[in-house]
There are 2 protein chains.
Amino acid sequence: MPSRAIVAKELSQVLKTISHPDRVRIIEELRGQEKDVNTIAEALELTATRISQHLSLMKAHRIVDERREGRHHYYHLVQPEIADWIVNGLAFVEGRMSAVSAAEIKSARKLWGAVPVQK
Amino acid sequence: MPSRAIVAKELSQVLKTISHPDRVRIIEELRGQEKDVNTIAEALELTATRISQHLSLMKAHRIVDERREGRHHYYHLVQPEIADWIVNGLAFVEGRMSAVSAAEIKSARKLWGAVPVQK
DNA sequence: TTAATATATTCGCATACTTGAATATATTAA
DNA sequence: TTAATATATTCAAGTATGCGAATATATTAA
């Protein structure tokens with residue numbers, strides 16, 4: 001298989017792993033800081049089980065990694081820049097939604113962008 | 001639904017649409033220029049039917065658009081910058097593969113990056 | 001008109017993903 | 001030890017995706 005095809009396959013695998021509404025949001029939650037399962041679940045108003053499932057999948061694909069401390073499992077992005085990359089991807093979303101939603105995108109971007117950047 | 005969730009959903013939809021090895025490659029083929037189905041099929045060594053199916057899906061999701069001229073259907077990226085964004089995404093792939101493959105990523109990036117940028 | 005070319009659409013099956021519910025495990029508190 | 005907390009894993013059913021083969025449509029050439 002030619003190298004371009006190999007790389008495309010790997011990249012598409014990464015894209016596939018993050019292309020779920022919950023997972024996009026989880027990645028943004030982890031922008032610049034680690035968080036435990038419950039904290040994420042509360043922030044996104046989803047069950048801890050579901051968050052755990054998503055994190056388990058993303059860990060298997062090395063998008064996130066885990067640090068255990070007592071009964072808390074803290075997750076962080078293996079490559080913190082991926083969150084910035086996703087924020088850049090919002091640019092493509094802007095032109096795709098209604099004017100009303102476009103305003104929401106800007107506010108979402110502001111919110112996400114406002115989180116302290118990870119070293 | 002809060003705005004962040006809406007935006008995340010839309011973005012994940014875009015990601016999902018492009019997260020297929022063939023489709024990543026098609027987008028890169030369309031970087032900076034329109035091409036017809038057969039041209040793409042030959043370049044990627046895939047059947048025209050398959051390329052047509054991918055393009056049809058991406059068109060439905062407004063990733064690409066079509067211009068018909070005679071019996072040729074030329075496709076182009078609705079948002080040409082998406083190709084650049086994908087090239088940036090290669091950065092995340094580099095750390096994920098073996099050293100040998102990492103070299104291939106660089107060459108792939110060089111190849112893709114060498115294509116003239118669309119205005 | 002007929003044939004050839006270029007592409008699209010439909011079909012069907014195999015595979016994969018999503019998700020809540022139930023169950024299991026690890027850690028700390030009583 | 002026992003109970004409570006935090007998270008993980010398994011299961012099963014519903015849904016979606018991928019893909020080749022067959023068929024259909026549009027355009028141009030003969």
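Note on naming: letters A, B, ... go to the chains in the order of the sequence lines (proteins, then strands), and numbering restarts at 1 for each one. Computed from heavy atoms alone, side chains included, the values below leave out hydrogens, waters and symmetry copies.
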Should A:Leu30 and A:His76 count as side-chain neighbours, where that means a heavy-atom distance under 4.5 Å?
no
With a cut-off of less than 4.0 Å, is there a side-chain N or O of A:Arg50 near OP1 or OP2 of C:dG20?
yes
Any chain of hydrophobic side-chain contacts (each under 4.5 Å) joining B:Tyr74 to B:Ile82?
no
When rounded to the nearest 0.5 Å, the distance separating CG of B:Leu57 from NE2 of B:His61 is 4.5 Å
What do the steps show when you test A:Trp85 against A:Ile18 for side-chain contact (heavy atoms from CB on, under 4.5 Å), and what is the final call?
CA-CA 12 Å; A:Trp85 184 64; A:Ile18 67 182; 4.1 Å; yes
Could you go step by step and tell me if B:Ile40 and B:Arg25 meet the side-chain contact (heavy atoms from CB on, under 4.5 Å) rule?
CA-CA 9 Å; B:Ile40 298 170; B:Arg25 297 177 72 204; over 6 Å; no
Round to a whole Å and report the spacing from CD1 of B:Ile18 to P of D:dT17.
15 Å
Between NE2 of A:His61 and C1' of C:dC17 the distance, given in whole Å, is 11 Å
Any idea how A:His20 and A:His54 line up, ring-wise: parallel (<30°), tilted (30 to 60°), or perpendicular (>60°)?
tilted
To the nearest angstrom, the CD-C1' distance between A:Gln13 and C:dA16 comes to 11 Å
Taking the side chain as everything from C-beta on, heavy atoms only, tell me whether B:Ile26 gets closer than 4.5 Å to B:Val64.
no
Rounding to a whole Å, what distance do you find between B:His54:NE2 and D:dC19:C1'?
9 Å
For B:His20 and D:dA16, what is the distance between atoms NE2 and P respectively, to the nearest whole Å?
18 Å
Round to the nearest Å and state the distance from B:Glu69 atom CD to D:dT27 atom C1'.
12 Å
Sugar-phosphate means primed atoms, P, OP1 and OP2; the rest is base. With that split, encode nucleotides 2-12 of chain C 5' to 3' as B, S or - using protein heavy atoms under 4.0 Å.
--BBSSBBB--
All stems that DNA chain D takes part in, i.e. 3 or more consecutive Watson-Crick or G-U pairs with distances under 3.5 Å, are C:1-30 with D:1-30
Are A:Val78 and A:Val24 connected into the same hydrophobic cluster when the rule is that any two of I, L, V, M, F, W, Y join if their side-chain heavy atoms are below 4.5 Å apart?
no
Student check: side-chain heavy atoms of B:Leu44 and B:Asp22 closer than 4.5 Å:
no
Measure from CD1 on B:Ile26 to C1' on D:dC19 and round the result to the nearest Å.
14 Å
Using atom NZ of A:Lys16 as one end and atom P of C:dA16 as the other, report the distance to the nearest whole Å.
8 Å
